[in-house]
Amino acid sequence: EVDPVAPRGLTAERPADLAGKTIGLYHIWKRASKPLLEVLEKELARRYPTAKFAWYQETQMNQPEAESVNRDKFEGWLKEVDTVIVAYGD
């Protein structure tokens, strides 16, 4: 399900359906980020069996990945996915 009201300020379109899509799971350094994404991956795989998942782990705390030394790796990962889920949790 998609929230019918898109957050303001975001420019990327939301996919209408996740079937057959590659979903990026962006793991930040917060300790609950990975477990949250693992639960989401399991549930989304159940709902959308043709979806694929690609994980990316943030490499430096408090440093935007697009501004880090791993910028090329991050941008390459973004090209491989149709949408991204970021989990933030303490």
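Because only heavy atoms are used, hydrogens play no part in the values below, and waters and symmetry mates are left out as well, while side chains stay in. Source: prediction; values computed, not measured.
- Atom CG in Asn70 sits 6.0 Å away from atom NZ in Lys73 (nearest 0.5 Å).
- Follow the hydrophobic side-chain contacts under 4.5 Å out from Val81 and you reach Val86 in the same cluster.
- Atom CD of Glu41 sits about 10.5 Å away from atom NZ of Lys34, to the nearest 0.5 Å.
- Checking side-chain atoms of Ser33 against main-chain N and O of Ile28 turns up a donor-acceptor pair under 3.5 Å.
- Separating the NZ atom in Lys30 from the CD atom in Glu58 is a distance of 10.0 Å, to the nearest 0.5 Å.
- Across all their heavy atoms, Thr59 and Ser68 have their closest contact at OG1-OG, 4.2 Å.
- Between Ala51 and Leu18 the shortest heavy-atom distance is CB-O, 3.7 Å.
- Using a 4.0 Å cut-off between charged nitrogen and carboxylate oxygen, Glu75 and Arg71 count as a salt-bridge pair.
- Distance check, rounded to the nearest 0.5 Å: CH2 of Trp77 to CG of Asp72 gives 15.5 Å.
- Using cut-offs of 30° and 60° on the angle between ring planes, the pair Trp55 and His27 is perpendicular.
- Using modelled atom types, one side-chain atom of Thr50 and one backbone atom of Gly20 make a donor-acceptor pair closer than 3.5 Å.
- Going from atom CD of Glu43 over to atom CD of Glu38 covers 14.5 Å, rounded to the nearest 0.5 Å.
- Between Tyr88 and Leu36, the closest heavy-atom pair is O-CD1, 4.3 Å.
- Put simply, Phe53 and Leu37 are part of the same group of oily side chains (I, L, V, M, F, W, Y) that touch within less than 4.5 Å, one to the next.
- Nearest heavy-atom pair across Ile85 and Leu44 is CD1-CD1, 3.6 Å.
- Between the Asp82 side chain and the Lys21 main chain, no donor and acceptor come within less than 3.5 Å of each other.
- Within the model, atoms OH of Tyr48 and CD1 of Ile23 stand 8.0 Å from one another, a figure rounded to the nearest 0.5 Å.
- By the 30° and 60° cut-offs, the orientation of the rings of Tyr26 relative to Phe74 is perpendicular.
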